[in-house]
Amino acid sequence: LANGSMLSSTPPIAPVLSQFSQYLFEEKKSDGDPLAPLVQVQYLSGVKSVLFKKFKPLAYTGDSPQWYEELYRGLNLRATALAIKRGAKVTKKHVGLVRKTLLAMLLYLVKHSDNGYEERAVIAMLYHAVGRGSEVAATTWESAEWDDDKQFLLFDWGEIKTGQQYIMTLHPNADSEDGWLLCSIHSIACNLICGSTVYKASASAEEAGMNFMFNNYFGMADGGAASKVSRIIQKCRDGGVEDLPEDFTGHGLRVAAADEMMFNVHLPFFAAIARGGWDCKADTLLFYYLTQKLHVAAAGKALAGWANPNVKVHAPTLEAIYNDKNRGAIDAFCHELFQHSSISQLLDTTLKGFRSRMVASLLMYYANVKKELGRDSAIIRSMYAACVESDLEIRDLDFYGKQIKKRFQVDNALNLAASSSDNIETIMEKAFHEVQKIGLDTLDEVKVMHGKVSHIKEEVDDMKGLLEDIHARLPPRSPSSSPERKRAKVASAPPPNPQAVARKPDSIQPAGWGGFLARSQKQQTKADAIDWKDLGNWDTKTLLIRCLKNNENFESEHFLRGKLEVGSSGTTRRGRARNVLRHVKLAAEAMDASNMIYFYPRFVPKKDDEEERKAYFTAIEVNAARWAIAVKDQYFNRLKVHDRLKVHDNIPDDGPDFLKHKKSQSNQKMSITALGAKLEKKMD
């Protein structure tokens, strides 16, 4: 051949590459230092690949003939020796990090980053999948399925760098208290609800209709996704996350995951290899085909914090809270939570099982997330909005979370009780104590509930005795009186006055009346102190808070019944109060749909939850004026448009005919009477 490759074991191109390797060895960087050993051999390998691809006969004995191997090893040896002699690093080793720092990163992102829920999900995914930054871009929901028997999410994971694809699994986190930050299922749920739902406009015909797990990472240039992950890490570093190494990059997540797997004594070495997608010269059909799912899943459980990854793990389940009465509302809650996500149709059909596990995870960690992020965080407000739409009580979310957590702990008692040094007898004993502890805690809760039920029963008995005594004191029915006449008399008779009864001698008071009267008077003292007739002078905040605290629903036909005077004045006040609250509610919902919870008494936290109740009414105090101003602005904007159309002329906003609108708008009083009167006016 022309290049002589078939006539000699050392082709003419060999001396040329030898000269090129000498050039690399002598080349200096801008700071005067030689190129790093790894950089030199990478340049040599790159040029060799181009030549071997162009001149096919060069590779007739293989991709790495002996002469090239000697040249490659010689350059590497000389460059490494020189680097050691200078005291430089031979290779750039990727740095991992401890789990505590990883959790601090995730917490910083959800608290302080605009795209925190998506960024947290990406970091958690890379950790659990032992992946590179570029690999999150190509993962699709079409390849995903929930394995209800094995209790994990299964999907395809592709390595663009190596050109291979294999299965990947995601598992619930072992820590049912603070594990929500690194829980893969919880992070995906938050991203689907609060993350981006925008698709890339540049999708090709082949990619159209595909649902990528991370839309904002799909379709980027080579290295774009990895660079984006590095920017997320730098954002955490700039934000003050402690103990985050300066040279930590996206590849460091792969190192951290590898360390976690290798230090789990129960995890087989081959399971870590399968999870990370590393090459193994001892690979067999048995390892890579028949048992790959087993090894990948075991390594996934190790990364999720389970002490013994060889034991089955049960995911949180909604079966812990389902009953005949709430099943429909909970199913509607699940649908409402994800109806605006990019894969809502898949979650209603093929991934419905995974959706229920995501909701169970959200509920199990509800109290922990609310405590850490606050009730105004995007995920908590989304859960509240879903409650409103599904007629689920917000106050029940905490209870549901506790029930799911108990079921999760019981189902996984064996694994939660295990440690790396325990034998089976010790594990069984620990598991028994864990279940016993959960049972005792449940018994204590039952006792508390029993006490509350007994208290209610006492009040019911008091009321029953009161009604029986009143009935006994009614005049006897005359023979000539008909049932219709008696019903008419009873209906027209005024209800008994508790204060009048209280003035009677004890000897003629109804049985049990004393205790009931004391409790009812105590409950009504605060409400009676409010002069509801003066509500016309209140602002929106005062009216809304007092209505909520006194169980007044402005949409009810019984709104403010008995609190305002009878007649046209009372009717006018009631109508204006109702109208103002209706418009303010619409304005609040336009800003955020979850603001609906601030307008109905059924969403008011219970009095025994002081912190939650305080936060609820503080949110109203902060935002009520803003909502009312929005109503006022909307009214004057409609009025301005109405007058413009009325004169059939495009009059400028700064003209004299419209300056009065601006002046009236700024001088508009915000009392219920003033604002309500404006809203009553019809524009002819």
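Since we're looking at a predicted model, the values are computed, not measured. The chain is numbered in sequence order, starting from 1.
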Worksheet item: Using 4.0 Å as the upper bound for N to carboxylate O, is an ion pair formed by R375 and E612?
Response: yes
Worksheet item: What distance do E177 atom CD and K405 atom NZ have between them, rounded to the nearest 0.5 Å?
Response: 3.5 Å
Worksheet, complete the sentence: CD1 of I343 to CG of L351, rounded to nearest 0.5 Å, is 6.0 Å
Practice prompt. Find the distance between OG1 (T169) and CZ (F155) and round it off to the nearest 0.5 Å.
Written response: 7.5 Å
Worksheet item: Is the F354 ring parallel, tilted or perpendicular to the W141 ring (thresholds 30°, 60°)?
Response: tilted
Practice prompt. Indicate yes or no: at least one non-hydrogen side-chain atom of C334 is less than 4.5 angstrom from one of L318.
Written response: yes
Discussion item. Are Y117 and L192 packed together at the side-chain level, in the sense that at least one heavy-atom pair is separated by less than 4.5 angstrom?
Written reply: no
Fill in: Stepwise salt bridge (Lys or Arg N to Asp or Glu O under 4.0 Å) test for D391 and R602
CA-CA 10 Å; D391 291 330; R602 67 190 180 97; 3.7 Å; yes
Worksheet, complete the sentence: CD of E118 to CD1 of I232, rounded to nearest 0.5 Å, is 7.5 Å
Item to complete: With the side chain counted from C-beta on, respond yes when T139 and M168 share a heavy-atom pair under 4.5 Å apart, and no when they do not.
Response: no
Worksheet item: Counting only N and O atoms by type, is there a donor-acceptor contact under 3.5 Å from the side chain of Q164 to the main-chain atoms of G277?
Response: yes
Fill in: Interatomic spacing from CZ in R357 to CG in L153 - rounded to 0.5 Å
12.0 Å
Worksheet entry | Residue pair Y600, E555: steps toward the side-chain hydrogen bond (donor to acceptor under 3.5 Å, both in side chains) verdict | CA-CA 9 Å; Y600 296 101; E555 292 183 349; 2.9 Å; yes
Worksheet item: Any side-chain donor-acceptor pair under 3.5 Å between E260 and N264?
Response: no
Worksheet item: So, R237 versus Q234: side-chain donor-acceptor pair below 3.5 Å or not?
Response: yes
Worksheet entry | Crowding at OH, Y322 (>12 non-hydrogen neighbours, <6.0 Å) | yes
Worksheet entry | Between E336 and S390: side-chain donor-acceptor atoms closer than 3.5 Å | no
Fill in: Heavy atoms from other residues, nucleotides or ligands near NZ of K312 exceed 12 (cutoff 6.0 Å)
yes
Practice prompt. Report yes if some heavy atom in the side chain of L303 is under 4.5 Å from a heavy atom in the side chain of P309; otherwise report no.
Written response: no
Worksheet item: Between N595 and N623, is any pair of side-chain heavy atoms under 4.5 Å apart?
Response: no
Worksheet item: CD1/I394 to OH/Y366 distance, rounded to the nearest 0.5 angstrom?
Response: 7.0 Å
Worksheet item: Salt-bridged, D331 to R327, with N to O below 4.0 Å?
Response: no
Fill in: Polar side-chain atom of N323 near backbone of N326 as donor-acceptor pair, under 3.5 Å
yes
Worksheet item: Does R381 come within less than 4.0 Å of D592, counting only side-chain N to carboxylate O?
Response: yes
Worksheet item: Counting distance only, does the side-chain N/O of N173 pair as donor-acceptor with the main-chain N or O of W180 below 3.5 Å?
Response: no
Worksheet item: For Y598, which of Y616, F617, Y384 qualifies under ring pair (Phe, Tyr, Trp, His ring centres under 6.0 Å)?
Response: Y616
Discussion item. Keeping E135 on the side-chain end and E159 on the backbone end, is there a donor-acceptor pair under 3.5 Å?
Written reply: no
